[in-house]
Amino acid sequence: MTTGTFDFAPLLPAGLPPAAARWTGLSTYSFVGGNNDPDQVPLDGLIEAADAVLKREGRTLATYGLASGPQGYRPLREFLVGKLKRDAGISCTADDILIVSGSLQALDLVNHTLLAHGDTVIIEQDTYQGALNRLTRLGVNTVGIPLDGEGMRMDALAAALEELKRKNIQPKYIYTIPTVQNPTGTIMGEQRRLELLKLSEDHGVPIFEDDCYADLIWDGRRPPAIYAMSKRAGVIHIGSFSKSIAPALRVGYIVAPWEVLSRILPLKTDAGSGALEQMVLAEFCAGHFDEHVPKLTRGLRAKLETLMEALAEQFGTAAEFEDPKGGIFLWVKLPDIVDTQILAQASLASGVAINPGPEWSTDKSYSRSRMRLCFASPSHDEIRQGVAALAEVCRREFGVPARIANVEQRSARA
Ligand SMILES: Cc1ncc(COP(=O)(O)O)c(C=O)c1O
């Protein structure tokens, strides 16, 4: 009999992602992760909803997919039909919607439906790390389009599409987060959405619209979804309850023409997303979604104010940013001397976690001195203390900011 632990290493196929590091807990001051505000999770409403829906329909849990079929709990899809019509101008039926386990699963499903190794996609230059990493892992080439205050720049997109055409490369999709872009916080206006649709149609490239932050706009006003504006059904739309209710529920959705949905569905091989979450959400959202969201956004806006004030106080003019119209993150530019990947490592040792810009961008030099700060999860006090601690580390590592809290400091590298 042999002794020792079994060696799995020789069995692992080529191409697996690197081994995961063990989770060691959240940092004391965590400005990373798209987490929500714990005080804003509508607990009483969710408890009430769970109680009501389980008493009424709990026995349907005995059936895979409840009694709703493989596309997800029908009352949740019916809620989405009404919500998407009212908020985003999307006309669809429950049959055009697939409920998935968070919009991350939507990204995986759409990618596996459309992409093969060596394909090319167009994305925003600064974009969601989760989308970027997936594409890298699939061996897909990404063409990053720079953004301005209204999101993806159409002149740059037109030029990129022409350039690809000249090289005989047909991109598989244009991925965009048009409504509160991650990480820049921009919102693409209606006119630009029309221009994007025109370019997509002229070049025969579909649009992949990721709208998971669309509920988190301070004044609640959003342009129609690109999906709603498309006359040729060339858009796949995804959304999520992670940002409006809670990410741990893992409930998202895909809206797409049946031609596409019918190819996506066979790839969702988990026999349906968690049913309890869908039931509770449907029950809660039908009666309370509309009153919950403005409360949530008021709380998030207040935290953003605290963050912007803390940055102004601790970094002064060294931290530049636009005041976003919604969302849970701030995209901050520090002086060129600052390398945010080094800053992120150094600040972690002081209990402050930040997202370094290069992990959120296709242009590593443009994003080198930028960082993303998420503000929904830390408390107001943690935001103030965390930004003060970050400024201290930044001054020690880079001599920036020269002044902290209006007290002149001696620069470490001066
Ligand atoms: C742009 C974007 N898309 C998708 C996701 C995934 O969200 P979830 O899987 O929780 O719905 C996130 C999460 O932060 C995101 O920022």
Side-chain angles (χ1 to χ4, degrees), residues 26 30-37 40-41 72 76 80 83-84 88 97-112 121-135 137 142 144-145 147 151-152 173-188 207-217 222 225-227 235-255 264 268 270 273-274 277-278 281 285 296 300 324-331 353-355 357 359-362 372-377:
L26 289 177
S30 178
F31 296 105
V32 299
N35 299 315
N36 217 322
D37 182 344
Q40 301 278 355
V41 178
L76 185 60
L80 283 168
K83 176 201 179 319
L84 290 169
I97 298 175
L98 170 63
I99 303 290
V100 291
S101 303
S103 44
L104 279 174
Q105 190 179 40
L107 288 175
D108 283 335
L109 289 171
V110 172
N111 284 346
H112 288 137
V121 300
I122 295 179
I123 62 178
E124 285 145 351
Q125 176 192 286
D126 309 310
T127 190
Y128 173 44
Q129 186 194 28
L132 206 49
N133 288 350
R134 278 169 166 69
L135 294 169
R137 208 178 293 154
T142 53
I145 307 296
L147 300 112
M152 191 187 279
Y173 61 61
I174 303 166
Y175 172 72
T176 177
I177 312 162
T179 322
V180 188
Q181 205 266 348
N182 188 358
T184 61
T186 53
I187 297 180
M188 190 184 285
I207 296 169
F208 184 5
E209 176 178 43
D210 185 343
D211 231 14
C212 68
Y213 295 101
D215 292 312
L216 304 187
I217 300 178
R222 57 154 300 162
I226 300 169
Y227 186 96
V235 183
I236 297 171
H237 177 96
I238 66 172
S240 177
F241 288 94
S242 289
K243 313 304 171 183
S244 55
I245 308 286
L249 294 172
R250 310 305 306 129
V251 181
Y253 52 89
I254 302 176
V255 189
I264 291 177
K268 184 165 162 44
D270 57 4
S273 295
E277 294 86 340
Q278 297 183 56
L281 271 177
C285 290
L296 170 65
L300 293 175
K325 296 192 177 78
I328 54 171
F329 38 75
L330 193 62
W331 185 234
I354 61 165
N355 289 128
E359 293 179 6
W360 297 73
S361 184
T362 58
R372 190 185 82 135
L373 298 177
C374 297
F375 53 80
S377 170

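This structure is a prediction, so every number in the text was calculated from the model and none was measured. Just so you know, ligand 1 is whichever comes first in the structure, and atom 1 is the first atom listed for that ligand. Scope of the values below: all heavy atoms of this structure, side chains included, with no hydrogens, waters or symmetry mates.
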For Lys83, the salt bridge (Lys or Arg N to Asp or Glu O under 4.0 Å) test, sequence neighbours excluded, returns Asp87, Asp215

For Asp108, the side-chain hydrogen bond (donor to acceptor under 3.5 Å, both in side chains) test, sequence neighbours excluded, returns Arg134

So, Tyr128 versus Tyr213, ring centres under 6.0 angstrom or not? no

Sequence neighbours excluded, the answer for side-chain hydrogen bond (donor to acceptor under 3.5 Å, both in side chains) partners of Glu209 is His237

Contacts for ligand 1, heavy atom under 4.0 Å, by chain and number, are Gly102, Ser103, Leu104, Tyr128, Tyr175, Ile177, Asn182, Asp210, Cys212, Tyr213, Ser240, Ser242, Lys243, Arg250

Would you confirm whether Gln105, through its side chain, and Arg250, through its main-chain N or O, come within 3.5 Å as a donor-acceptor pair? no

Has Glu124 got a side-chain atom pairing as donor or acceptor with Ile177's backbone, closer than 3.5 angstrom? yes

